[in-house]
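For reference, the structure is listed below as structure tokens.
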Amino acid sequence: MNRLALFIPLALFVCFAIIVWQVKGSDPEAVPSALLGRAVPAFNMPMVKDAEKLVSEKDLVVDGHALINMWATWCGPCRIEHPYLVSLAESGVAIFGVNGKDDLDAARKWLAEKGDPYQFSVFDIEGRLGLDMGVTGYPETFLIGQDGKILHKRVGIMDERIWVRDFLPIIEKL
Amino acid sequence: MSLDYKPLFVCKRFFRTGIFSVLMLLVVSLSATAEDFYPFDNDDDRERFLRFSHELRCPQCKSQNLAGSDADVAEDLKRELHRLITEKQTDQEIVEFMVSRYGEFVLYKPQFKSNTYLLWLLPFALFLLGVLVFVFVILKRQPDDDDE
């Protein structure tokens, strides 16, 4: 009995090692999104193209699946991912844009020069919709399903690798 | 030997004054953030703002709280926090606002729930275990000492 007690420190060490091992394996950058499985928050905001016209979450008409992309002209990485968004849109993916904390003229100029991959872009001047969607920075891209629920969120640049690795497997299961 | 000693002395003094001035700067900057950018009309609100901005974690720069972060999203959340506090929202409502958007990740002080029982109770359990081991060892040792 006493001899077995000598193994207690070893057992504790093994438990501790397993915990450390698991923490080490997880991605420290990964933030669990609070919005997964939930509907897109309600909003009522002007469109970038036509600031007279208000759009709401009901205007996000989804056929199968769609993307919501948070972008801004002041955001450097958005510049990098933009061509890929254009090519995604050309291949038939519906993308809705949310233009956050931006200048209306600059946003229009951006779309005119670089091409407009969006069904429409919401003009979110205070970044309130971004905040409601739990955005930690721009760009971010959400995948939404037929019922308007959020299925996945990408923080950072969207590209071919991310699309194939993270988005396609979820879309194929729909 | 005396040559070796002198630079060390100067060095020590430098560090002492250096640390002091850094501390002074910290004190000054802390009061500046609270007072200048987020005005409140009473001390209770100001105190709540300070408490929350220290207890809430910045979703972007993960090892900083809102008070210590200059990230865009931290500024936004501080503005929201200011709004919620001036609107006299309860602590519970403020926590819910943050958690519904950014998850429990933003709470440096996690809620007491089924998946955090271990986190909250383990220290007490380990302390209890330590006390038990201590008592056990003492009780066991006593008769041995008597025998000798």
Side-chain angles (χ1 to χ4, degrees), chain A residues 1-2 5-6 8-9 11-13 15-16 18-19 22-23 26-43 70-78 98-102 124-140 142 150 152-153 155-156, chain B residues 56-66 69-84 87 89 93-108 110-111 113 115-116 118-119 122-123 125-130 132-134 136-137 139-141 143-144:
Chain A
M1 186 58 210
N2 270 345
L6 291 175
I8 291 173
L12 285 175
F13 171 76
C15 289
F16 186 68
I18 289 171
I19 292 171
Q22 280 183 339
V23 170
S26 65
D27 180 6
E29 290 293 307
V31 181
S33 175
L35 274 96
L36 291 188
R38 290 189 5 211
V40 175
F43 64 91
M70 323 293 291
W71 66 281
T73 58
W74 49 262
C75 141
C78 296
V98 176
N99 175 257
K101 299 196 274 187
D102 212 344
D124 179 20
I125 187 160
E126 289 178 320
R128 186 152 291 276
L129 179 56
L131 206 73
D132 285 342
M133 290 185 73
V135 165
T136 60
Y138 291 76
E140 282 190 12
F142 294 80
I150 294 166
H152 182 70
K153 163 169 132 163
V155 177
Chain B
L56 292 169
R57 186 175 179 185
C58 167
Q60 194 174 26
C61 24
K62 282 132 190 114
S63 46
Q64 282 181 305
N65 56 21
L66 291 188
S69 172
D70 282 333
D72 215 34
V73 64
E75 296 296 337
D76 285 354
L77 287 180
K78 273 185 274 192
R79 212 182 48 230
E80 287 300 301
L81 185 61
H82 178 259
R83 182 179 65 82
L84 293 172
E87 282 174 10
Q89 303 257 17
E93 283 165 332
I94 293 174
V95 166
E96 261 163 35
F97 177 93
M98 297 294 171
V99 169
S100 70
R101 284 162 181 76
Y102 290 96
E104 296 201 11
F105 173 87
V106 293
L107 305 178
Y108 262 134
Q111 286 165 324
K113 287 175 35 170
N115 60 344
T116 55
L118 199 63
L119 188 68
L122 196 64
L126 286 177
F127 177 72
L128 208 68
L129 187 75
L132 283 176
V133 167
F134 185 73
F136 182 72
V137 167
L139 283 180
K140 232 190 141 191
R141 188 163 286 178
D144 288 358

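Sequence lines set the chain letters: A, B, ... in the order given, protein chains first and strands last, and positions in each chain run from 1. Values below: all heavy atoms of this structure, side chains included; hydrogens, waters and symmetry mates excluded.
- The minimum heavy-atom distance between A34(A) and G103(B), with the atom names listed, is CB-N, 3.2 Å.
- Closest non-hydrogen pair, L131(A) versus D76(B), comes out as CD1-CB, 3.7 Å.
- Taken to the nearest 0.5 Å, the CG atom of D132(A) stands 4.0 Å off from the CZ atom of R101(B).
- Chain B forms the most heavy-atom pairs under 4.5 Å with one residue out of G134(A), P41(A), G130(A), G127(A), and that residue is G134(A).
- With a 4.5 angstrom heavy-atom cutoff, V106(B) does not touch chain A via any of its atoms.
- Salt-bridge formation is detected for the pair K101(A)/D72(B): a Lys NZ or Arg NE/NH1/NH2 atom is positioned less than 4.0 Å from an Asp or Glu carboxylate oxygen.
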Handout entry: Intermediate values then yes/no, salt bridge (Lys or Arg N to Asp or Glu O under 4.0 Å), E126(A) and R79(B)
Key = CA-CA 11 Å; E126(A) 289 178 320; R79(B) 212 182 48 230; over 6 Å; no

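- For the salt bridge (charged side-chain N to carboxylate O under 4.0 Å, His left out) test, residues two or more places apart in sequence or in another chain that qualify with E104(B) are K113(B).
- Looking at every heavy atom in both residues, Y102(B) comes nearest to T136(A) through CE2-CG2, 4.0 Å.
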